[in-house]
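In what follows, chains carry the letters A, B, and so on, assigned in the order in which the sequence lines appear, proteins first and then strands, with residues in each chain numbered from 1.
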Amino acid sequence: MSNIRHALSVKRADDFAQWYQEVISAADLAEESGVRGCMVMKPWGYGIWERIQRLMDARIKDAGVDNCYFPIFIPLSNFEREAEHVEGFAKEMAVVTHHRLIAGPDGKLIPDPEAKLEEPLVVRPTSETIIGDAMARWVQSWRDLPLLTNQWANVVRWEMRTRMFLRTTEFLWQEGHTAHETREDALEETHRAITMYSDCAEDDLAIPVIVGEKPENERFPGAVETWSIEAMMQDGKALQAGTSHYLGTNFAEASGIRYQDREGTQQLAHTTSWGFSTRMVGGVIMTHGDDDGLRVPPKIAPWQIVILPMLRDKPEDEKVLEYCGEIVAKFRELGLSACGEPIRVLLDKRPAKGSAKRWEWVRKGAPIILEVGPRDMADGKVAMLRRDQLWNEESGKPAFQFLTREGFSSQAPSLLEAIQDRLFEEARERRDANITRGITDFDALSDFFSGDARYPGWVEVQWSKPTGAALEKVVEQLKALKLTMRNVPVDAAAVDGACIFTGEPAVERIFVARAY
RNA sequence: CGGGGAGUGGCGCAGCCAGGUAGCGCACCUGUUUUGGGUACAGGGGGUCGGAGGUUCGAAUCCUCUCUCCCCGACCA
């Protein structure tokens, strides 16, 4: 409706990239830090990450994986062991060469030439090599396997181009590293991890994803198989939202992870690694955000219900606050919970104008906002605003629902669960509506992506899975259309035609899309 | 790392071409007013104009270097 006055100045449809930036500042998620590519995560943004982290950590622990912590610094030589791995990461490494500063000629601090490290240390871009070292010490016998470890850590990759949350120089993540006796066991773990990510994305973040295997050219450096979950953003681009790798015996060989099998023979372990990062916060923004800011799914909302007393700097303010406090107390007393956890209610007592606070929480995307003024109090009611159903389209005004205090309390758990489900359904429908199948020749694909639609979504094509030079050619063809191959979905229909690139008989279906 | 754009009070911007020592809107503070609610009026506080160096009697404005951000590309979670 044109008469609605939205809370953001940029609309998704007008400039998606700018809208994304605006949501981050308007929802108070993060800000620039002055250090290239690094951001300051503010309480609301970090709080969302903490929720994601907590839910993911529970899933990891449920899978019997133990948390550890490994150093942020990795000896340079560690990286030289696995050829593809070096090649993959060498270009984006932060290197520590000195351990002391001294005053230089002009009085400014410089690294002390006397304090140069004998061997430079790199700031971890990922920890396969250093964890491999530890695994080599920890694994002696087949009885030591499987070895299942995980760490929550920051990593640094010196990327050319950065974007808040989606690609920052430093980011936070979880990296699981496991070692197994056999290829089969390791592959099973690889698949278990990607399923765990898929469950977390869909059930916790309300982001529908496609689980599949990455084509050869998109594999992690040093991996034998790479699996991903791919999510569709509102502009139709794909976001790789989590990856799981079967590393074969490549890293075991590089780090010397060997065990004696039941016959007493030395064998190389099969390892896996899998990661899930703060990039997901960007995924939440681009999946659930709207023209009024962010909409946070209840399961990951730091505060699910925010109560705003309408304070007017009058004596009756005390009573309003008391009335609101009783709502919070009632929640505690009844032990109300939603989605399996106690409901998180915030009473925002700040002495700001009611309307200002309301729009602030709308932009932040708290699932439910309650406004309570003297008249509500007199009627024993509350004015409720659902963030996922913000506007009354007819009036162009916020769609308040006036409920009794008790009525609201009893409904709150199911309301939050309904909001969680609705956000997922909305995203899933949009995703499904923007997947195209049945394009069988490359010219049609080219036309499809060079039409007027800014972001036409994803296309599932059939291909013959070429390798080597033939694969290179496919990659180049797609690059000309700004497209990449995303993944080969696990649950695709059987193939029944020719490869869209080579014309040879197709062997599988794969998604192509523009991507972040 | 290449191409484009930008950095001026918390946010959004004007001023820069034709150098003279900083302004607007929102936010903020105080007071009054208003009250189913993104209110109105009046008064007020806050900026060494990203940083360093240079030209000049004088620099937000001119020159040089540098840092950071945004968009597009090449690279990637």
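A:Ala356 comes within contact range of no nucleotide atom at all, as no heavy-atom separation falls under 4.0 Å. Among the protein residues, A:Asp379 comes within range of the nucleic acid bases, having at least one heavy atom under 4.0 Å from a base atom. Among the heavy atoms of the strands, none lies under 4.0 Å from A:Phe276. Residue A:Val155 is out of contact with every strand shown, counting any heavy-atom pair closer than 4.0 Å. If you check every strand for non-hydrogen atoms under 4.0 Å, A:Thr168 touches a base. Among the heavy atoms of the strands lying under 4.0 Å from A:Gly37 are primed sugar atoms or P, OP1, OP2 only; no base atom is included. Residue A:Leu166 is classed as a base contact, given a heavy-atom separation below 4.0 Å to a base.
Between the side chains of A:Asp292 and A:Trp391, at least one donor-acceptor pair of N or O atoms lies under 3.5 Å. Using modelled atom types, one finds a donor on one side chain and an acceptor on the other under 3.5 Å when comparing A:Thr178 with A:Thr272.
B:A77 atom P lies 11 Å from atom CD of A:Glu128, rounded to whole Å. Between the C1' atom of B:C76 and the CD atom of A:Glu218 lies a distance of 10 Å, rounded to the nearest Å. Put simply, CD on A:Gln21 is 5 Å from P on B:C70, counting in whole angstrom units. Regarding A:Gln18, its CD atom lies at a distance of 16 Å from the P atom of B:C69, rounded to whole Å. Per the geometry, CH2 belonging to A:Trp19 stands 17 Å off C1' belonging to B:C70, to the nearest Å. Spacing between atom CD of A:Gln240 and atom P of B:A77 amounts to 6 Å, rounded to whole angstrom units. The CE atom of A:Met310 sits 13 Å away from the C1' atom of B:U34 (whole-angstrom rounding). Rounded to an integer number of Å, the gap from NZ of A:Lys482 to P of B:C71 is 14 Å.
The P atoms of B:C70 and B:C11 are separated by 15 Å, rounded to the nearest whole Å. Atom name C1', nucleotides B:G54 and B:C72: the rounded distance is 35 Å, in whole Å. For B:U48 and B:G58, the C1' atoms lie 16 Å apart once the distance is rounded to whole Å. As rounded to the nearest Å, B:C13 and B:G50 have P atoms that lie 14 Å from one another. Distance noted for atom P between B:C62 and B:C49: 15 Å (whole Å). Taking atom C1' on both nucleotides, B:C65 is separated from B:A18 by 26 Å, rounded to a whole Å. A distance of about 15 Å separates the P atoms of B:A27 and B:G12, rounded to the whole Å. Nucleotides B:U33 and B:C71 place their C1' atoms 47 Å apart, quoted to the nearest Å.
With hydrogens and angles ignored, the 3.5 Å screen pairs a side-chain donor or acceptor of A:Glu82 with a backbone N or O of A:Glu84. A side-chain donor-acceptor contact under 3.5 Å links A:Arg124 to the backbone of A:Pro71.
In the set B:G37, B:C71, B:A74, B:C71 carries the atom at the smallest distance from any side-chain atom of A:Arg163. For A:Met160, whose side chain is taken as the heavy atoms from C-beta onward, the closest listed nucleotide among B:A77, B:A74, B:C71 is B:A74.
A:Trp152 and A:Trp49 have perpendicular rings, their planes meeting at more than 60° on a 0 to 90° scale where under 30° would count as parallel. Between A:Trp227 and A:His191, the angle of the ring planes goes over 60°, which puts this pair in the perpendicular group of the 30/60° scheme.
Contact annotation: A:Ser355 side-chain N/O to B:U39 OP1/OP2 distance is under 4.0 Å. Within the 4.0 Å cut-off from OP1 or OP2 of B:C1, not a single side-chain nitrogen or oxygen of A:Arg161 is found. Considering only side-chain N and O atoms, A:Arg358 lies under 4.0 angstrom from the phosphate OP1 or OP2 of B:G38. Within the structure, every side-chain polar atom (N or O) of A:Lys214 is placed at least 4.0 Å from both OP1 and OP2 of B:A77.
Residue A:Arg167 places a side-chain atom within donor-acceptor reach of the base of B:C76, judged by atom type and a 3.5 Å distance cut-off alone.
The nucleotide B:G73 finds its pairing partner in B:C1, both defining distances of the Watson-Crick or G-U wobble pair being shorter than 3.5 Å. Figure legend. B:G25 is base-paired to B:C11; pairs are counted as Watson-Crick or G-U wobble with both atom distances under 3.5 Å.
Enclosure of atom NZ in A:Lys237 by more than 12 non-hydrogen atoms of other residues, nucleotides or ligands within 6.0 angstrom is indicated.
Projected onto RNA chain B by closest heavy-atom contact, A:Phe89 and A:Arg36 fall at different nucleotides, the more 5' of which corresponds to A:Arg36. Position along RNA chain B of the nearest nucleotide to A:Ser277 versus A:Gly34 favours A:Gly34 as the more 5'-ward residue.
The shortest heavy-atom contact between A:Ala427 and A:Thr287 is CB-CG2, 3.7 Å.
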